[in-house]
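The structure appears below as structure tokens.
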Number of protein chains: 2
Amino acid sequence: MANITIKDIAKALNFSVSTISKALNNSYEISPETRKIVIDYANEHKYKPNRLAKSLKIGQTNSIGVIVSSYFSSTFLAQILDGIHKASFEAGYDIIIMQSFENIDTEKASLDALVSKGVDGILLSPVSEVSNSEYINYIHENHCPVVLFDRINPDLKTTKIGVNEYRGALEATQHLITINRKRILFITGDKFGENNQRIQGFKKALKNLDIPINPRYMVYCNLENVDEIDEKISSSLLELKKQNIMPNAIFGATDTITMRSLGILANLGINVPEDIAVIGFANTDIAFSLNPALSTIRQPAKDMGYLALKKLIELIDLEATTGKKTQVEETILLETSIQIRKSTTLS
Amino acid sequence: MANITIKDIAKALNFSVSTISKALNNSYEISPETRKIVIDYANEHKYKPNRLAKSLKIGQTNSIGVIVSSYFSSTFLAQILDGIHKASFEAGYDIIIMQSFENIDTEKASLDALVSKGVDGILLSPVSEVSNSEYINYIHENHCPVVLFDRINPDLKTTKIGVNEYRGALEATQHLITINRKRILFITGDKFGENNQRIQGFKKALKNLDIPINPRYMVYCNLENVDEIDEKISSSLLELKKQNIMPNAIFGATDTITMRSLGILANLGINVPEDIAVIGFANTDIAFSLNPALSTIRQPAKDMGYLALKKLIELIDLEATTGKKTQVEETILLETSIQIRKSTTLS
DNA sequence: TTGTATGCGTTATCAC
DNA sequence: GTGATAACGCATACAA
């Protein structure tokens, strides 16, 4: 609105517009006296450069776009965003966050909006493997670099940063087996697909030791509704009890599942870890505060976000210096860490 | 980069630039045939309007800036941001999030950056009461509307959305007294100041019933370090035990404090709620999964974010239609809700 | 119904 | 050391 421009300064100080511009940008061409006059005047009148105009002129905005699926308030995503924010702050980039709400069209619209805004790069956690892969490749090749994080889509010819969930699940399962808990109830989401790396890791660990995979020990929950999760876990346990094949361990594939399981077991009067040991993927510090303290597989969420943005900026810089598209196709899988607490500690 | 512009389309189709512009904007001046030709060409060549140029021209960006303090991964803040996102998505605005990291200079820099980017409005959770109030007022009056959320600074002449923490604390304390727990340990942050509404509400509840306020029951933690919190809570409890003035209730002023308290009590072998009842401010769903389930005062974080953005857009629209600054100075306090669970339920 | 010209606030080239 | 001018991509007042 009432914004003072370099043109105003030029008029007030009887200089030309270009002199003001140069003075404000510390150009060596300008005499120290003039520069001082200009800068003092600018400060005094709270001059703020119009970055829109600058960006339009120089062709870059110093801002990057981030598209996440949804569930903004999940701890996991918040940690990723935290890492992204940290890296962008350090690098002097602004970030614009958009949500795809697990919808392919919304994802495409977000992509378009970001390109329209002229972001220098895009960080994307794709809706699905099939989502807009050709379109994303198109943007990556014709507009600005795209880096994928969390969910990895092999069709995309770009840098990808994910988590080695396979190994995380494998190690957690092995841990359960080590403490001699082999009747493991695996509780997961119903939309993950059998190709999900957590399921694969779990199965592999059993296979390694020739432990048969019991389909009755696989529980699939609708993750969109907490009450449904509770109901599903609860009824599964009761059913197994009736059939006299009670598990002696639970492996939760998501933080919600794992947390809720603990609460439900307490309600059912089942002792943890004596009757049932519990471990699961979870990224919250609260695991410690639970009673019993919960053993978890932790994903390096913040690191992932941080690294993803770093990698994106590398690509941006690379293109800026070489002036051409770079054909990097790197895939980085960060390792999880396992934290053994009371819920899987047998005394 | 390889971006097609309306100029390119004009050249290719042998029309003037303004014809293309009008056709793309569905102007009634353009014949349906021409429009179709233009739009088809645009789609085919994946034309994306340059919003920088458009914004520069029309003087608005359709984006709003959000400045939060820090602790991006706190559940509370994430929920606020979730609400903001929801409202901005509905209204068709992009949001740019910045962090002040509890630093006044960073706050000012963020403010400047947002103004420079030409945001249509700013949502701010100020660093402190004294922070940049004159400067914020200046921006509000000369650049774009500013709406405050969460932390409310009375010096600022604008719309403010907060939470009635006073009443929340009052009710929680009353609840403890109702179950006959009057030796209440109040654990809070060390940087809140005595004017903090949670402290005031707590004290008021005691005063109402002529219960003396025991300074030894006030514990102040450095919230920046979890280990320090644990240490502080733990040592306070042991010290009080030694002095034979063990409290029979704990009121935690933040989610971290409350959660950690439960964990520590479990470690110390103190029974909840038999020996010590626990209630506190907390915005996580995990309260249910805790054992015992934790009684909480919940702040309507998502609603607050949602409403704040709504109000901001109201201001933006108002200015756009009336063409002048509006002198609204509204303060809205949303009510908390209290959730009684096992940790304060005496059988 | 379409075209011409101008300007939004900057930076950059080139001349003085 | 400083200034005139063009250009970034778009919207729009006005002319035709």
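Within every chain, numbering begins at 1; the chains are lettered A, B, ... in the order of the sequence lines, protein sequences first and strands thereafter. In this text the structure is predicted, and so the values were computed from the model without any measurement.
- Residue A:S18 has no polar side-chain atom (N or O) positioned under 4.0 Å from OP1 or OP2 of D:dT2.
- Minimum interatomic distance between A:I4 and A:H45 (heavy atoms only, all atoms of both residues): CG2-O, 3.5 Å.
- What separates CG of B:D8 from P of D:dC10 is a distance of 9 Å, to the nearest Å.
- With salt bridges taken as basic N to acidic carboxylate O contacts below 4.0 Å, one links B:D112 and B:K108.
- For C:dT2, the OP1/OP2 oxygens have no side-chain nitrogen or oxygen of B:T19 closer than 4.0 Å.
- Computed from coordinates, the B:L24 CG to D:dT12 C1' distance equals 15 Å when rounded to whole Å.
- Note: CD1 (A:I37) to P (D:dG1) measures 14 Å, nearest angstrom.
- A 4.5 Å side-chain heavy-atom check between B:D120 and B:C144 finds every atom pair outside the cut-off.
- Considering NZ of A:K48 and NE2 of B:H143, their distance stands at 5.0 Å, rounded to 0.5 Å.
- For the residue pair B:Y135/B:E107, the side-chain donor-acceptor check at 3.5 Å is not satisfied.
- D:dT2 atom P lies 6 Å from atom CZ of A:F15, rounded to whole Å.
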For nucleotides 7-9 of chain D, give me every protein contact, N/O to N/O, under 3.5 Å, one pair per line with atom names.
from, atom 1, to, atom 2, distance (Å)
D:dA7, N3, A:K57, NZ, 2.7
D:dC8, OP2, B:K7, NZ, 3.4
D:dG9, N2, B:A53, O, 3.3

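- Within 4.0 Å (heavy atoms only), B:S55 reaches no atom of the nucleic acid at all.
- The CG atom of A:N26 sits 17 Å away from the C1' atom of C:dA12 (whole-angstrom rounding).
- Counting to the nearest Å, the P atom of D:dA4 and the CG atom of A:N14 are 11 Å from each other.
- Here the side chains of B:P145 and B:E319 are in contact, with some heavy-atom distance below 4.5 Å.
- Among the heavy atoms of the strands lying under 4.0 Å from A:S21 is at least one base atom, whether or not backbone atoms are also near.
- Residues A:E134 and B:K46 are not paired through a salt bridge, judged by the lack of any N-O separation under 4.0 Å between the basic side chain and the carboxylate.
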Polar-atom pairs under 3.5 Å, protein N or O versus N or O of nucleotides 14-16 of chain C: list them with distances, or write none.
none

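- As a whole-Å value, the separation of B:L13 CG from C:dT2 P is 12 Å.
- A salt bridge between A:K86 and A:D82 is absent, with no side-chain N of the basic residue lying under 4.0 Å from a carboxylate O of the acidic one.
- Smallest separation of non-hydrogen atoms from B:N137 and B:D155: ND2-O, 3.4 Å.
- Nucleotide D:dT5 holds its P atom 17 Å from the CD1 atom of A:I20, rounded to whole Å.
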